[in-house]
Amino acid sequence: MAVVTEPPRVPTRPAPTGRRQPRGLVTTFVGYAVLVFFALVFLYPFVIQIGNAFKTEPDAAANPLSPVPDPLDLTSFQRLFDGTSFPLWMGNSLLVTVLVTLGRVFLDSLAGYALARLRFRGRAGLFAAIIAVMAVPGVVLLIPKFLVLNQLGIYDSYAALIVPLLADAAGVFIMKQFFESIPVSMEEAARIDGAGVFRTFWSVVLPMARPALITLTILSFQGSWNEFPHTLVAVQDPSLFTLPRGLADLVTGSLGSGTQYPLKLGAALLATIPVAIIFVIFQRYFVRDASDGAEKG
Amino acid sequence: MAIDALAAPATSPGTAPRRRRPGLRGSENLAGWLFVAPVVVILGLFLLLPILMAFWVSLTGWNGQGSPFRSEVPFIGADNYTRLFTVDGLARQDFMTSLRNNIYYVLLVVPAQTALALFLALVVNNRMLRGKSFFRTAFYFPSVTSSVAISIVFLFMFSSSGAVNSLLAMVGLDGPQWFADSRGVLHLLLGVVGVDSPPAALADGGPGGLSWWDWLSGPSVAMVSIISLVVWTTSGTFMLMFLAALQGVPVALDEAGTLDGANRWQRFRYVTLPMIRPTMFLVLTLGLIGSWQVFDQVYVMSQGNPAKTTLTPAYLSYRTAFQDFDYGRGAAISFVLFLIIIVLTLVQRRLLAERDPSRRGWLRRRVPGRS
């Protein structure tokens with residue numbers, strides 16, 4: 001398959017026959033065709049989602065591929081806000097996301113800084129433990145987490161939704177790697193001037209860590225906004241549902257008659273928009289994170 | 001399912017912090033522990049402790065009433081585990097079915113997402129094309145959206161009068177009722193060549209209480225739609241990894257290949273592929289680990305239906321505990337799944353360490369106990 005896409009390299013030495021061969025044009029054309037085809041494959045489902053959210057139910061069933069609603073219909077959004085708990089889910093999601101993001105950014109940087117710079121007994125072992133924790137798959141923790149929340153008596157509360165997510169091993173890892181990459185001289189100067197450890201961390205080191213903090217903020221925001229399995233085992237009271245949990249409930253539960261696809265698609269659309277906005281604005285931070293993974297590999 | 005790229009071990013050895021004056025050591029010791037305390041408490045309380053508690057529960061017949069640590073809760077030892085593997089019954093049948101489903105899922109998802117990711121990376125990396133960043137963004141975007149929200153979109157697309165069947169109708173094909181179709185793809189293929197019912201040799205007697213014929217069903221039509229959703233969402237992440245690797249391949253190497261008369265396929269096979277081998281390996285193993293954790297999509301799209309053909313161990317464990325209130329067996333399934341994933345992770349790390357001497361050094365230094 002790479003046969004069609006690998007470009008003929010333009011020779012570094014001037015070729016006797018001219019700069020670009022006709023074969024190059026064909027390759028370029030095929031390359032664009034492939035790109036556009038796959039861009040459609042990856043983006044058209046979102047177009048379908050947007051289009052069908054504004055359709056009537058018969059229209060969505062009859063013309064699922066068409067992006068244009070005919071007639072334009074807003075009743076599904078109206079029903080979403082009047083007939084379901086959607087606004088409540090949104091509020092819960094916002095609360096959880098903001099608190100979890102703040103918590104993660106602060107606690108992960110504290111721990112990352114200690115692991116990178118402070119010499120304390122057991123540091124190497126602790127770091128090894130954090131690496132090991134990153135390998136623990138989330139789905140096998142569903143029942144275990146429920147057991148602990150139940151035992152602590154906080155099952156079915158905001159605390160159950162928020163507290164277990166307040167720190168994550170991957171975030172600690174990101175911050176540790178970053179703190180190790182910045183020069184130590186500024187901190188030493190601050191320490192010599194008599195600043196304590198926390199003060200040095202707070203007023204000297206953190207301001208230098210802005211890029212890593214932004215990355216961590218974005219990852220935490222995206223992660224906690226989209227978090228689904230944790231909410232399944234943390235709460236069962238519908239008034240504590242977050243958006244993903246509410247959406248899953250909309251789909252699997254009984255919601256009157258019919259398939260109600262415009263309503264469901266509209267709800268999914270509204271749940272996607274915040275992350276989409278963050279993604280478009282801070283794209284390079286997402287991309288950097290994913291390719292960092294590759295460099296490590 | 002989002003794959004955590006960071007779960008892979010890092011190569012960066014990190015700059016060792018300079019030693020400070022000995023007078024500060026005592027206060028640093030205290031400060032160090034104070035700084036890590038919140039993370040240690042949260043991870044310990046909600047990660048380590050739960051695993052221990054769940055192991056205990058997996059040895060009991062706790063039904064969710066009261067505390068699992070009371071003396072009245074029946075202790076049944078390894079029964080929950082033997083019911084999954086050796087004792088004939090519904091528990092074993094469901095568990096084996098979920099293993100079968102997940103194996104077919106892995107066999108399709110891992111190669112498909114790896115090939116698609118590499119293909120997209122090669123196209124996007126083409127230096128003669130413009131607008132790279134747009135396409136890169138487009139391919140990556142599905143990876144960052146909510147798994148629940150995107151599952152809803154795919155439910156609609158794969159509904160019987162949905163977008164996929166409309167597309168199939170355009171080329172004159174009659175699409176199936178995706179999420180109501182429990183027929184196995186391999187069975188369907190066999191049906192094409194006239195084998196509609198199990199041959200006598202396969203009608204029963206397979207391992208784990210499932211007949212050979214059932215083991216050889218292939219993924220069901222319903223599972224195929226979940227597979228296509230997952231490949232679609234994960235390829236973008238892996239594409240970025242391949243892109244980063246491809247950008248590290250020196251152009252001069254490729255040009256040398258051209259001068260030597262190698263065609264494109266040969267250059268890809270003998271120049272590019274060996275250069276990106278570590279990334280290829282990372283993507284394959286991350287995919288392998290991630291695809292044993294499929295849960296959200298199953299929960300939203302099919303709940304294990306139709307005819308249990310989209311049941312996976314992760315979902316079965318959840319359902320056993322929270323719907324059948326058999327927490328002991330649910331926890332036991334979790335532990336078996338945990339074991340599968342941990343073995344895959346360890347194999348990955350071991351192979352990576354053998355491949356890369358610098359990483360071996362990193363592992364020896366940072367993770368004691370792993371040789």
Side-chain angles (χ1 to χ4, degrees), chain A residues 1-3 5-7 9 28 31 34-35 39 42-43 45 48-49 61 64-65 107 110-111 114 117-121 128 133-135 137 139-140 142-145 147-148 164 166-167 170 172-173 180 197 222 226 228 244 247-248 251 261 264 268 271-272 275 279 290-291 293-294 296-297, chain B residues 5-8 10-11 14-15 17 28-29 31-32 35-36 38-39 42 46 50-51 53-54 119 122-123 126 128-129 135 138-139 144-146 148-149 152-153 156 161-163 166 237 240-241 244 255 264-265 268 278-279 282 293 295-296 300 314 318 321 330-331 334 337-338 341 345 367:
Chain A
M1 51 186 182
V3 180
T5 62
E6 276 287 296
R9 305 297 192 199
T28 310
V34 169
L35 281 177
F42 279 83
L43 292 182
I48 289 182
Q49 178 185 19
L65 268 176
L107 299 180
L110 269 181
R117 284 290 157 78
L118 302 180
R119 304 217 132 240
F120 60 96
R121 211 182 268 273
V133 156
M134 288 204 298
V139 287
V140 308
L142 290 181
I143 299 171
K145 268 202 247 176
L147 293 173
V148 153
L166 279 181
V172 174
F173 186 81
E180 280 177 347
V197 180
Q222 181 233 1
N226 291 342
F228 171 64
L247 289 187
V251 178
Y261 272 119
K264 294 172 186 169
T272 309
V275 172
F279 178 72
S291 32
K296 277 169 210 136
Chain B
L6 291 155
T11 44
T15 46
E28 273 202 23
N29 213 5
F35 273 44
V36 294
V39 168
I42 291 173
F46 297 105
I51 293 176
M53 286 171 72
F119 176 69
L122 286 169
V123 184
N126 188 328
M128 288 174 54
L129 301 181
F135 290 109
F139 301 153
V144 302
T145 55
S146 147
V148 175
I152 294 176
V153 176
F156 173 67
S161 64
S166 305
T237 312
L240 288 184
M241 295 187 185
E255 280 169 356
R264 275 185 210 138
W265 169 252
F268 170 72
T279 303
L282 175 77
Q293 303 186 40
F295 178 84
D296 301 11
V300 175
Y318 169 81
S334 289
L337 182 60
F338 195 8
I341 294 170
T345 311
V367 190

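Every chain is numbered from 1 and lettered A, B, ... according to where its sequence line falls, protein lines coming before strand lines.
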(request) Select, from A61(A), A39(A), P137(A), the one with the greatest count of heavy-atom pairs under 4.5 Å involving chain B. (result) P137(A)
(message) Give me the atom names and distance for the closest heavy-atom approach of P64(A) to F156(B).
(response) CB-CZ, 3.8 Å
(request) Pick one of side chain, backbone, both or neither for F135(B), based on which atoms fall under 4.5 Å of a heavy atom in chain A. (result) side chain
(request) Can you see which heavy atom on V300(B) is nearest to which on A248(A), and at what distance? (result) CG2-CB, 4.2 Å
(message) Quick check: closest heavy atoms across V123(B) and G31(A), and the distance to 0.1 Å?
(response) CG1-O, 3.9 Å
(message) Between D296(B) and F228(A) (side chain of the first, backbone of the second, donor and acceptor by atom type, cut-off under 3.5 Å), is there such a pair?
(response) no
(request) Below 4.5 Å from any heavy atom of chain B, which atoms of V197(A) appear? Answer side chain, backbone, both or neither. (result) both
(request) Answer yes or no: is there a donor N or O on one side and an acceptor on the other, between the side chain of N29(B) and the main chain of F120(A), under 3.5 Å? (result) no
(request) Please look at A31(B) and chain A and tell me whether the side chain, the backbone, both or neither of the residue comes under 4.5 angstrom of a heavy atom of that chain. (result) both
(message) Could you report the tightest heavy-atom contact between V153(B) and P45(A), atom names first, then the distance?
(response) CG1-O, 3.6 Å
(request) Show your reasoning for whether side chain to side chain contact (heavy atoms under 4.5 Å, CB included) applies to I152(B) and L247(A). (result) CA-CA 8 Å; I152(B) 294 176; L247(A) 289 187; 4.0 Å; yes
(message) If you compare all heavy atoms of A54(B) against all heavy atoms of P144(A), which two are closest, and at what distance to 0.1 Å?
(response) CB-CG, 3.4 Å
(message) L142(A) vs F295(B), test: side chain to side chain contact (heavy atoms under 4.5 Å, CB included). Steps then yes/no.
(response) CA-CA 11 Å; L142(A) 290 181; F295(B) 178 84; 3.8 Å; yes
(message) Do Y318(B) and I143(A) have side chains that approach each other closer than 4.5 Å (heavy atoms only, starting at C-beta)?
(response) no
(request) Please report the shortest heavy-atom distance between L107(A) and V39(B), naming the atom on each side. (result) O-CG2, 3.5 Å
(message) With heavy-atom distances below 4.5 Å as the criterion, would you say the side chains of F139(B) and L43(A) are in contact?
(response) no
(message) As an exercise: rank L110(A), V275(A), V251(A) by heavy-atom pairs under 4.5 Å with chain B and give me the winner.
(response) L110(A)
(request) Examine distances only and state if a side-chain atom of Q222(A) and a backbone atom of V144(B) form a donor-acceptor pair shorter than 3.5 Å. (result) yes
(request) Please tell me if the side chains of V34(A) and F119(B) come closer than 4.5 Å, counting only heavy atoms from C-beta onward. (result) yes
(message) Please classify the contact of L337(B) with chain A as side chain, backbone, both or neither, using a heavy-atom distance under 4.5 Å.
(response) both
(message) Counting heavy-atom pairs under 4.5 Å with chain A, which one of P50(B), A149(B), A314(B) comes out on top?
(response) P50(B)
(message) Return the OG1 to CD distance between T145(B) and Q49(A), rounded to the nearest 0.5 Å.
(response) 8.5 Å
